[in-house]
Amino acid sequence: MAFLGSQLPAPVDQQTASDGSMVFTGGAPAEVVVNLADSSVVVSEYAGVWESPDRFVVKLRRVGMLKWRRLPETPMMNALSALIKGAREMRLARYRPCTVCGAKQPPEALFSDDVCYSCEEPPHTVVH
């Protein structure tokens with residue numbers, strides 16, 4: 001588990017799934033999700049879709065699975081590291097710049113015409 005934490009982008013969130021497996025999510029915004037079970041580890045790229053304006057559903061994109069108990073330690077760590085790196089690169093490649101401010105954002109953070117939340121929100125004015 002410490003190895004996973006060192007390979008994932010910070011910050012790393014760790015949770016226990018309903019089936020007893022451990023789920024590690026790395027990055028802010030999330031980039032890579034790793035599900036560690038008794039005999040396997042699944043590496044996925046973080047992704048999701050807006051089903052409605054107020055409902056975001058996570059839909060992970062599986063990159064690979066390892067049966068970690070079957071592999072010697074060093075090859076398993078090398079393979080896991082490569083899967084995490086690949087998942088992160090895939091996620092970051094999907095980021096696009098906001099057409100207003102130019103900041104790169106994950107696809108789910110961009111609204112119509114590729115405008116980010118900060119630029120889409122109407123400006124707050126203060127009247128004295």
Side-chain angles (χ1 to χ4, degrees):
M1 286 195 272
F3 176 76
L4 282 175
S6 71
Q7 297 298 303
L8 289 168
V12 177
D13 179 54
Q14 178 181 334
Q15 296 181 352
T16 303
S18 59
D19 63 0
S21 64
M22 298 299 298
V23 179
F24 299 84
T25 304
E31 297 172 6
V32 181
V33 178
V34 177
N35 186 301
L36 177 63
D38 288 339
S39 62
S40 65
V41 61
V42 176
V43 178
S44 301
E45 172 193 358
Y46 183 88
V49 294
W50 287 98
E51 288 188 341
S52 67
D54 60 344
R55 180 165 161 75
F56 181 76
V57 178
V58 175
K59 297 203 178 212
L60 303 177
R61 292 184 178 104
R62 182 185 278 194
V63 174
M65 180 178 77
L66 295 171
K67 295 290 188 176
W68 64 269
R69 291 193 186 265
R70 295 182 183 176
L71 291 170
E73 186 175 355
T74 300
M76 186 273 302
M77 288 182 168
N78 290 340
L80 184 55
S81 181
L83 287 172
I84 290 171
K85 181 180 178 192
R88 185 168 192 229
E89 288 176 3
M90 288 170 49
R91 171 74 168 152
L92 294 176
R94 295 183 199 284
Y95 280 38
R96 297 186 314 267
C98 170
T99 56
V100 176
C101 68
K104 283 194 134 189
Q105 301 286 340
E108 67 273 5
L110 295 171
F111 297 96
S112 62
D113 300 323
D114 283 347
V115 177
C116 71
Y117 177 77
S118 297
C119 296
E120 180 85 3
E121 187 176 86
H124 299 287
T125 56
V126 177
V127 178
H128 295 277

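All figures in this text were calculated on a predicted structure; none of them were measured in a lab.
- Side-chain contact check for Leu4 versus Ile84: some heavy-atom pair is nearer than 4.5 Å.
- With a 4.5 Å cut-off between side-chain heavy atoms of Ile, Leu, Val, Met, Phe, Trp and Tyr, the cluster of Leu110 takes in none.
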**OP:** Take Val32 and Glu45 through the side chain to side chain contact (heavy atoms under 4.5 Å, CB included) test and state the conclusion after the steps.
**Re:** CA-CA 5 Å; Val32 181; Glu45 172 193 358; over 6 Å; no
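- Tyr117 forms part of a hydrophobic cluster together with Phe111, judged by ILVMFWY side-chain heavy-atom separations under 4.5 Å.
- Considering CD of Glu51 and NZ of Lys59, their distance stands at 6.0 Å, rounded to 0.5 Å.
- The nearest pair of heavy atoms linking Phe24 to Val12 is CD2-CG1, 4.2 Å.
- The hydrophobic clustering, which links ILVMFWY residues whose side-chain heavy atoms are closer than 4.5 Å, places Val42 and Met22 apart.
- The shortest distance between side-chain heavy atoms of Ser44 and Arg91 does not fall below 4.5 Å.
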Original post:
Which is it for Leu83 and Val34 under the side chain to side chain contact (heavy atoms under 4.5 Å, CB included) test, yes or no, and what are the steps along the way?
Top reply: CA-CA 10 Å; Leu83 287 172; Val34 177; over 6 Å; no
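- In the hydrophobic clustering, Val100 connects to Val115, either directly or through intervening members, whenever side-chain heavy atoms lie under 4.5 Å apart.
- Residue pairs meeting the salt bridge (charged side-chain N to carboxylate O under 4.0 Å, His left out) criterion with at least one partner in residues 14-31, sequence neighbours excluded, are Glu31-Arg88.
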Donor-acceptor pairs are to be reported for all side-chain atoms of residues 71-82 against protein atoms at under 3.5 Å, with residues two or more places apart or in another chain.
from, atom 1, to, atom 2, distance (Å)
Asn78, ND2, Thr74, O, 3.4
Ser81, OG, Gln7, OE1, 2.9

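- For the side chain to side chain contact (heavy atoms under 4.5 Å, CB included) test, residues two or more places apart in sequence or in another chain that qualify with Ser52 are Asp54, Arg55.
- Gln14 meets the side-chain hydrogen bond (donor to acceptor under 3.5 Å, both in side chains) test with no other residue; sequence neighbours excluded.
- For Tyr95, the ring-ring contact (aromatic ring centres under 6.0 Å, His included) test picks out no residue, with sequence neighbours left out.
- In this structure Asp114 satisfies the salt bridge (Lys or Arg N to Asp or Glu O under 4.0 Å) test together with Arg96, sequence neighbours excluded.
- The hydrophobic clustering, which links ILVMFWY residues whose side-chain heavy atoms are closer than 4.5 Å, places Leu92 and Leu8 apart.
- Taking OG of Ser118 as the reference point, atom CD of Gln105 lies at 7.0 Å (rounded to 0.5 Å).
- Sorted by first and then second residue, the pairs that involve residues 32-41 and meet side-chain hydrogen bond (donor to acceptor under 3.5 Å, both in side chains), not counting sequence neighbours, are Ser21-Asn35.
- Minimum interatomic distance between Thr25 and Ala30 (heavy atoms only, all atoms of both residues): CG2-CB, 3.6 Å.
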**OP:** Report the C-alpha distance between Cys101 and Cys116 in whole Å, list the side-chain angles of each, state the deciding distance to 0.1 Å, and finish with yes or no for side chain to side chain contact (heavy atoms under 4.5 Å, CB included).
**Re:** CA-CA 8 Å; Cys101 68; Cys116 71; 3.9 Å; yes
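- Cluster partners of Tyr46, by chain and number: Val23, Val33, Trp50, Phe56, Val58, Leu60. The rule joins Ile, Leu, Val, Met, Phe, Trp and Tyr whenever side-chain heavy atoms lie under 4.5 Å apart.
- By the side-chain hydrogen bond (donor to acceptor under 3.5 Å, both in side chains) test, Arg62 is found to be paired with no residue, residues two or more places apart in sequence or in another chain being considered.
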